[in-house]
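Inspection log for the structure reproduced underneath, given as structure tokens.
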Amino acid sequence: MSEVIKIIIAEDFSLLLEDLSELINTQEDMQVVATASTGKEMIDLAKSIEHDIILMDIEMENTTAGIIATEYIRDWDKSEKIIYLTAHETDEFILTAMGTGAIDYMVKGIPDEELLNHIRSAYNGHSLLEGKIQQVVMQEYKRLQQSARGLLFFIQNISNLTMTERELLRYLI
């Protein structure tokens with residue numbers, strides 16, 4: 001048998017946690033080594049249990065517990081491979097979550113085989129972002145890129161203004 005992927009799951013809905021654990025533990029190449037039902041528990045487990053992947057719910061003890069836990073964990077260890085598995089698929093949640101440095105983002109209800117493929121890919125350092133998630137992230141990247149170009153254009157051109165033009169600009173601002 002090849003290497004076993006050690007997984008910690010953070011999920012506050014006990015039935016889903018049991019189902020995920022059972023699914024993962026039936027795989028020859030995967031094992032759930034710990035579970036948490038709160039972000040605080042997840043932070044403690046990430047520091048104390050040897051693991052390869054964290055499967056993180058976003059909404060546990062509050063609506064952003066998983067995001068906050070991921071920020072703490074990634075501040076402590078940038079190499080952590082964290083996959084979000086959440087019910088949230090709004091652009092705001094996707095962008096905030098992916099901004100933490102997570103490797104992947106899945107919406108609950110994904111078929112079992114896809115979920116397992118995402119875990120295996122993340123373990124190997126690759127992200128299999130679903131189409132909608134990838135689209136949201138790429139649109140934000142494009143928006144930021146355009147903003148940066150606009151700011152650069154503004155900075156370059158403000159240096160060419162005369163003193164009078166600068167004074168008028170100050171009044172406008």
Side-chain angles (χ1 to χ4, degrees), residues 1-138 140-141:
M1 187 165 92
S2 62
E3 285 187 46
V4 174
I5 304 169
K6 297 177 190 94
I7 302 165
I8 301 177
I9 303 173
E11 173 59 59
D12 65 331
F13 186 53
S14 60
L15 187 59
L16 181 56
L17 179 60
E18 289 170 20
D19 288 348
L20 282 169
S21 296
E22 184 180 330
L23 170 67
I24 289 168
N25 285 330
T26 61
Q27 305 303 301
E28 289 184 15
D29 63 338
M30 295 181 194
Q31 176 187 11
V32 175
V33 294
T35 61
S37 60
T38 68
K40 169 84 172 87
E41 282 181 89
M42 187 65 248
I43 292 167
D44 294 340
L45 287 174
K47 290 181 178 182
S48 62
I49 302 285
E50 184 182 333
H51 62 282
D52 301 304
I53 298 284
I54 294 173
L55 200 54
M56 181 80 75
D57 186 16
I58 288 180
E59 188 172 348
M60 291 180 280
E61 67 268 30
N62 61 54
T63 56
T64 59
I67 291 171
I68 293 166
T70 298
E71 288 174 337
Y72 277 106
I73 293 165
R74 297 250 327 139
D75 281 348
W76 174 67
D77 183 355
K78 297 281 186 221
S79 68
E80 285 283 0
K81 294 176 181 171
I82 300 174
I83 302 171
Y84 286 107
L85 180 61
T86 181
H88 297 284
E89 58 182 325
T90 65
D91 292 0
E92 180 183 348
F93 268 103
I94 293 167
L95 293 172
T96 302
M98 292 307 291
T100 64
I103 193 166
D104 207 343
Y105 189 108
M106 295 181 287
V107 177
K108 289 178 180 174
I110 187 172
D112 291 350
E113 276 308 308
E114 282 186 50
L115 183 135
L116 297 170
N117 286 336
H118 279 258
I119 293 171
R120 289 181 181 106
S121 290
Y123 176 73
N124 291 312
H126 306 290
S127 178
L128 290 180
L129 289 175
E130 296 173 356
K132 179 191 183 334
I133 309 303
Q134 191 174 31
Q135 182 181 11
V136 169
V137 171
M138 292 309 293
E140 180 65 4
Y141 175 76

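Here CG of Asp44 is found 8.0 Å from CD of Glu41. Values are rounded to the nearest 0.5 Å. Distance check, rounded to the nearest 0.5 Å: CD of Glu61 to OG1 of Thr38 gives 5.0 Å. With values rounded to the nearest 0.5 angstrom, Glu113 atom CD is found 11.5 Å from His118 atom NE2.
By the 4.5 Å heavy-atom criterion applied to side chains, Ile9 and Ile24 are counted as neighbours. Counting heavy atoms from C-beta on, the side chains of Ile8 and Val33 come closer than 4.5 Å. Side chains of Ile5 and Ile7 form a contact here, defined as non-hydrogen atoms less than 4.5 Å apart. Using a 4.5 Å cut-off on side-chain heavy atoms (C-beta onward), Leu115 and Leu20 make contact. Looking at Asp104 and Met98, their side chains never come closer than 4.5 Å, going by heavy atoms from C-beta outward. Taking 4.5 Å as the limit, some side-chain heavy atom of Glu80 sits within range of a side-chain heavy atom of His51. Between Ile83 and Met56, the closest side-chain pair of non-hydrogen atoms is not below 4.5 Å. Looking only at side-chain heavy atoms (C-beta outward), Leu116 and Gln27 come within less than 4.5 Å of each other.
In terms of heavy atoms, Gly125 sits closest to Ile103 at C-CD1, 3.8 Å. Taking every heavy atom of both residues into account, Glu89 and Val107 meet most closely at CB-CG2, 3.7 Å.
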Start with the C-alpha gap between Tyr105 and Thr86, add the side-chain angles, then the distance that decides, and say whether side-chain contact (heavy atoms from CB on, under 4.5 Å) holds.
CA-CA 8 Å; Tyr105 189 108; Thr86 181; 3.3 Å; yes
Test Thr100 against Tyr72 for side-chain contact (heavy atoms from CB on, under 4.5 Å), laying out the working first.
CA-CA 9 Å; Thr100 64; Tyr72 277 106; over 6 Å; no
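Judged by distance alone, the side chain of Asp57 and the main-chain N or O of Met60 form no donor-acceptor pair under 3.5 Å. Checking side-chain atoms of Thr26 against main-chain N and O of Leu23 turns up a donor-acceptor pair under 3.5 Å. Between the Thr64 side chain and the Ile67 main chain, no donor and acceptor come within less than 3.5 Å of each other. The main-chain N or O of Ile73 is never found under 3.5 Å from a side-chain atom of Asp77 such that the two would form a donor-acceptor pair. Asp52 places a side-chain N or O within 3.5 Å of a backbone atom of Lys6 that can act as its donor or acceptor partner.
Inspection of the Glu3 and Tyr123 side chains reveals an N or O donor paired with an N or O acceptor under 3.5 Å. Residues Tyr84 and Thr70 have side chains that bring a donor and an acceptor to within less than 3.5 angstrom of each other.
Looking at Asp29 and Arg120, a side-chain N of the basic residue comes within less than 4.0 Å of a carboxylate O on the acidic one, giving a salt bridge.
Shown here are the ring-ring contact (aromatic ring centres under 6.0 Å, His included) partners of Phe93, two or more places apart in sequence or in another chain: His88.
Put simply, the residue from Leu85, Val32, Leu17 that forms a side chain to side chain contact (heavy atoms under 4.5 Å, CB included) with Leu55 is Leu85.
Sorted by first and then second residue, the side chain to side chain donor-acceptor pair (under 3.5 Å) pairs involving residues 10-22 (not counting sequence neighbours) are Glu11-Lys108. The salt bridge (Lys or Arg N to Asp or Glu O under 4.0 Å) contacts involving residues 63-75 comprise Asp75-Lys78, where partners must be two or more places apart or lie in separate chains.
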